[in-house]
Undergrad: 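Would you mind keeping the following structure in view while I ask a few things?
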Amino acid sequence: MFNKRIKIKQLVATEQTGDEVTVMGWVRTFRNNQFIALNDGSTNNNLQVVVELGLLDEAILKRITTGASLKVTGEVVPSLGKGQKIELKAKNVEILGDSDADKYPLQPKKHSLEFLREKAHLRFRTNTFGSVFRVRHLLAFAIHKFFNDRGFIYLHTPIITASDAEGAGEMFRVTTLPFDNPPRSQDGSIDFKEDFFGKSTNLTVSGQLEGELGAMAFSEVYTFGPTFRAENSNTTRHLAEFWMIEPEMAFCDIEDNMNLAEEFMKYLIQYVMDNNRDDIEFLDQRLAEEEKQKPANERSEFGLIEKLQFVINNNFERITYTDAITILLESPAYKKKKFKYDVNWGIDLQSEHERYLVEKHFKKPVIVTGYPKEIKAFYMKQNEDGKTVAAMDILAPGIGEIVGGSQREENLEKLEQRMREMHLPVEEMSWYLDTRRFGTVPHAGFGLGFERMVQFVTGMTNIRDVIAFARTPKNCEF
RNA sequence: UCCUCCUUAGCUCAGUUGGUUAGAGCAUCUGACUGUUAAUCAGAGGGUCGUAGGUUCAAGUCCUACAGGGGGAGCCA
């Protein structure tokens, strides 16, 4: 009868004493042959189990080691010590699973994130990763709640795709052809007619195009699924496999799109603050400790909670790309030639430019709109100036681009013309263009990188620490 | 892919201008203590100094290559 146990989260929150309860969990540390810090993953707060002298045989006591799993039955009593209100006075302790203290890698001490990254299968059992993954879960839940409450349909777009048109990045090939001796066409090229799908296929880099098809029927849809990019990116904010949220709304322009994205981000932050204060407070302290290690000039001005509260309470700054270029050109940093990359109208904003705008100039999230059409995707709505498109990127402090979106070009002729200019296969994309042929409407959407959002809310600086098992170039362990 | 830094005990790190037998804290083991909060105290064990070459009378220390990792950049979410 395992389900008779009480979760530690529920138990440590109680004021009521005198009940006899059963808990199960893993030993974090065993102090003084008497005090077990027990954790079952439901909360970062360990339950203190008190084992009175003489209750257990020496042989059992020796098996209560860090990492071992226990079933404990006992009485809930007020704690005599400081640091917790109640504790469990053990009547019976059963070892469910031993953990060899000599071999178990996690110790009751501070481990480096780099070390834990290599022990990713065990790191859930640490305070930091426990908090990160509970927050990650809550964010995922809040995403569904946000959209469901607003009448959006959750659309599952395909993982395997034959479309190569989005141009969002290098793709992973999906094939069942033998790689040592693939079938060849007469001209020597690989004959994908022989492949599983009868054509060349890849893992998806975006569900947007399919999302647009859904929006043309349901008015509002969103996707939330895995996305794959075979870029050789080795940074703290890129993964080869990551999760992305892509809402797509019919009857919606760029302003509506920005409003929704801003409301969405604020909602997610507020939801976590309201529903998991414990973990956010732990992460706030963890970040503060980490900041202390840094030289004073590299420390961030805000703590984690301060930052999140600030984002909720203030409007995102909204500027055009042209404004952004002007601000950069007039900045002291530019005049002192601090930028590595030159600034002029037409460039893609570099990290250093985004950082300046967000972290130095405005000191809050910034939405940049109206980018030159040359540096943006084919499907974005062409503005009347003939030079810019109705794109919008949200730049977040410490993360950079967290949202990328746009109003879509709903005019068939303009869209086809742009596709031809960019040498995209118009014929193959006929299914997509049907949205513009049959009842086209103004529509818009955006993509939010889920792990980047988790980074932003948890304050974790490396994206590999907010996904369970990171896939990055040359790394596919576990 | 580029730039840069790092790799010494299970973990985190120290190791001087190249010079005897490579150190500390924590962890582990043994013992003591028993209301602890990363418990404390005493003792013990634990190292091919990332790998392969090279320079030198002598290399953890200098040089080269490779591997792994961190940070930054590009690409992007």
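Residue numbers start from 1 in every chain, and the chains themselves are labelled A, B, ... in the order their sequence lines are given, proteins ahead of strands.
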Undergrad: Under a 3.5 Å cut-off for both contacts, is B/rU56 paired Watson-Crick or G-U wobble with anything, and if yes, with which nucleotide?
TA: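 Partner of B/rU56: none.
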
Undergrad: With no angle test and no hydrogens, is the base of B/rG35 tied to the side chain of A/E52 by a donor-acceptor pair under 3.5 Å?
TA: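 Per atom types, no contact qualifies.
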
Undergrad: With both distances under 3.5 Å as the test, what is the Watson-Crick or G-U wobble partner of B/rU17?
TA: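 The base-pairing partner of B/rU17, which may sit in any strand shown, does not exist here.
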
Undergrad: Restricting to non-hydrogen atoms, name the atom on A/R464 and the atom on A/R123 that form the minimum distance, rounded to 0.1 Å.
TA: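 The pair with the smallest heavy-atom distance is O-NH2, 3.1 Å.
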
Undergrad: When only distance counts, do a donor and an acceptor, one from the side chain of A/S233 and one from the base of B/rC76, lie under 3.5 Å apart?
TA: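 A donor-acceptor contact between them is absent.
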
Undergrad: Do A/T388 and A/Y321 have side chains that get closer than 4.5 Å, going by heavy atoms?
TA: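 No; the side chains remain at least 4.5 Å from each other.
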
Undergrad: Let me know the distance between CG of A/N234 and P of B/rG68, rounded to the nearest Å.
TA: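 Result: 11 Å.
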
Undergrad: Tabulate protein N/O versus nucleotide N/O from nucleotides 5-10 of chain B, keeping only pairs under 3.5 Å, one per line.
TA:
{"residue": "B/rG10", "atom": "N2", "partner": "A/Q107", "partner atom": "OE1", "Å": "3.1"}
{"residue": "B/rG10", "atom": "N2", "partner": "A/Q107", "partner atom": "NE2", "Å": "3.3"}
{"residue": "B/rG10", "atom": "N3", "partner": "A/Q107", "partner atom": "NE2", "Å": "3.4"}

Undergrad: I need the CD1-P distance between A/I463 and B/rG72, as an integer number of Å.
TA: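 These atoms are roughly 12 Å apart.
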
Undergrad: Would A/Y154 and A/F147 count as a close aromatic pair, with their ring centres under 6.0 Å?
TA: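 Distance test on ring centres: not under 6.0 Å, no.
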
Undergrad: For B/rA67, what is the paired nucleotide under Watson-Crick or G-U wobble rules, both distances under 3.5 Å?
TA: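 In the structure as shown, B/rA67 has B/rU7 as its Watson-Crick or wobble partner.
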
Undergrad: For B/rG45, give its Watson-Crick or G-U wobble partner with both distances under 3.5 Å, or none.
TA: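 Across any shown strand, B/rG45 pairs with none.
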
Undergrad: Expressed in angstrom and rounded to an integer, what is the separation of A/K103 atom NZ from B/rG46 atom C1'?
TA: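 Computing the A/K103:NZ to B/rG46:C1' distance gives 16 Å.
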
Undergrad: Can you list, by residue number, the residues of residues 27-39 of chain A that have a non-hydrogen atom closer than 4.0 angstrom to RNA chain B?
TA: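 Within residues 27-39 of chain A, the residues near RNA chain B are A/T29, A/R31, A/N32, A/Q34, A/F35.
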
Undergrad: Please determine whether side-chain contact (heavy atoms from CB on, under 4.5 Å) holds for the pair A/T204 and A/T157, giving the CA-CA distance in whole Å, both sets of side-chain angles, and the decisive distance to 0.1 Å.
TA: CA-CA 9 Å; A/T204 183; A/T157 51; over 6 Å; no

Undergrad: Could you tell me if A/R150 sits above the aromatic ring of A/Y267, with its cationic atom closer than 6.0 Å to the ring centre and no more than 45 degrees from the axis?
TA: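 Checked: cation-pi criterion met.
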
Undergrad: Atom CZ of A/R229 and atom P of B/rG74: how far apart are they, to the nearest Å?
TA: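 Rounded to whole Å, this separation is 17 Å.
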
Undergrad: Kindly indicate whether the side chain of A/H238 and the base of B/rC76 share any N or O donor-acceptor pair separated by less than 3.5 Å?
TA: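 Counting by modelled atom types and ignoring angles, a donor-acceptor contact under 3.5 Å is found here.
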
Undergrad: When both hydrogen-bonding distances must be under 3.5 Å and the geometry is Watson-Crick or G-U wobble, what is B/rU1 paired with, if anything?
TA: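 For B/rU1, the partner nucleotide comes out as B/rA73, under the 3.5 Å rule.
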
Undergrad: I need the residues from residues 341-354 of chain A with at least one non-hydrogen atom less than 4.0 Å from RNA chain B; give them sorted by number, or say none.
TA: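 Heavy-atom cutoff 4.0 Å gives A/Y341, A/D348, A/Q350, A/S351.
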
Undergrad: Take atom NZ of A/K340 and atom C1' of B/rU4, then tell me their distance rounded to the nearest Å.
TA: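 Answer to the nearest Å: 11 Å.
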
Undergrad: Grab the two heavy atoms, one from A/V132 and one from A/V466, that are nearest each other, plus how far apart they are.
TA: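 So the minimum-distance heavy-atom pair works out to CG1-CA, 3.9 Å.
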
Undergrad: Tell which nucleotide pairs with B/rU40, taking only Watson-Crick or G-U wobble pairs whose two distances are both under 3.5 angstrom.
TA: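 Its partner is B/rA32 (Watson-Crick or G-U wobble, both distances under 3.5 Å).
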
Undergrad: Are A/Y222 and A/H144 close enough that their ring centers fall under 6.0 Å?
TA: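 Centroid distance A/Y222-A/H144: below 6.0 Å, so yes.
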
Undergrad: Is it true that atom NZ of A/K266 has more than 12 heavy atoms of other residues, nucleotides or ligands lying nearer than 6.0 Å?
TA: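 Count over threshold, so yes.
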
